[in-house]
Each structure stands twice: as structure tokens, then as C-alpha cells.
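The structure appears right after this line, and notes come after that.
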Amino acid sequence: MILIVVSVCTATGAWNWLIDPETQKVSFFTSLWNHPFFTISCITLIGLFFAGIHKRVVAPSMYPLIVFFQVRYFSH
């Protein structure tokens, strides 16, 4: 749930960052400074990935698939 919320926040912030006409006129770091919502969302998302949240999302969804293939393989 946290990953979904942070991903949506990052996507929303990215959209606002990209459509802002000031983004093209100023430097990259100034642009990030002008869009703190996007910057904080990106940092949070990167932090969650470094903390391993993607493993908690991907691993549980893989177990049913592995069981399905094992049962299918051994049933023949």
C-alpha cells in the first residue's frame, strides 16, 4: 500500500514538474528545488527500494506461480 501511494505521488509530482514552463529555463537542481513534492516523493521512492520494499511485493506474488508450475510439471 505504501509503495502504491508513493508511486502515485511521484507520478503526479513528475507530471507537474514536466509541464512547468520554468523547468526548461532553470538548472536541474533549481528545478528540483522549485518542486519539493516531486523531489521528496522521488527520494522516498528510492529509499523504499533501497529498503527492499520491492522484494515484499514481488516475492509473495511469485509463490502461487511457482506452485502452479510445480504441480503442473509433476502431474504429467
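- Within a 6.0 Å sphere centred on CG of Leu18, other residues, nucleotides and ligands contribute more than 12 heavy atoms.
- Side-chain contact between Trp17 and Leu32 is present, with at least one heavy-atom pair separated by less than 4.5 Å.
- Atom CD1 in Ile4 sits 10.5 Å away from atom CD1 in Ile2 (nearest 0.5 Å).
- For the atom pair Asp20 CG and Phe38 CZ, the distance stands at 12.0 Å (nearest 0.5 Å).
- A single hydrophobic cluster is not seen to contain both Val8 and Phe37; linkage of ILVMFWY side chains at heavy-atom distances under 4.5 Å, directly or through other members, places them apart.
- Note: Thr10 OG1 to Leu3 CG = 9.0 Å, rounded to the nearest 0.5 Å.
- Nearest heavy-atom pair, Ser41 versus Val6, reported as atom, atom and distance to 0.1 Å: O-CG1, 3.8 Å.
- If you take NZ on Lys25 and OG on Ser31, they are separated by 12.5 Å, rounding to the nearest 0.5 Å.
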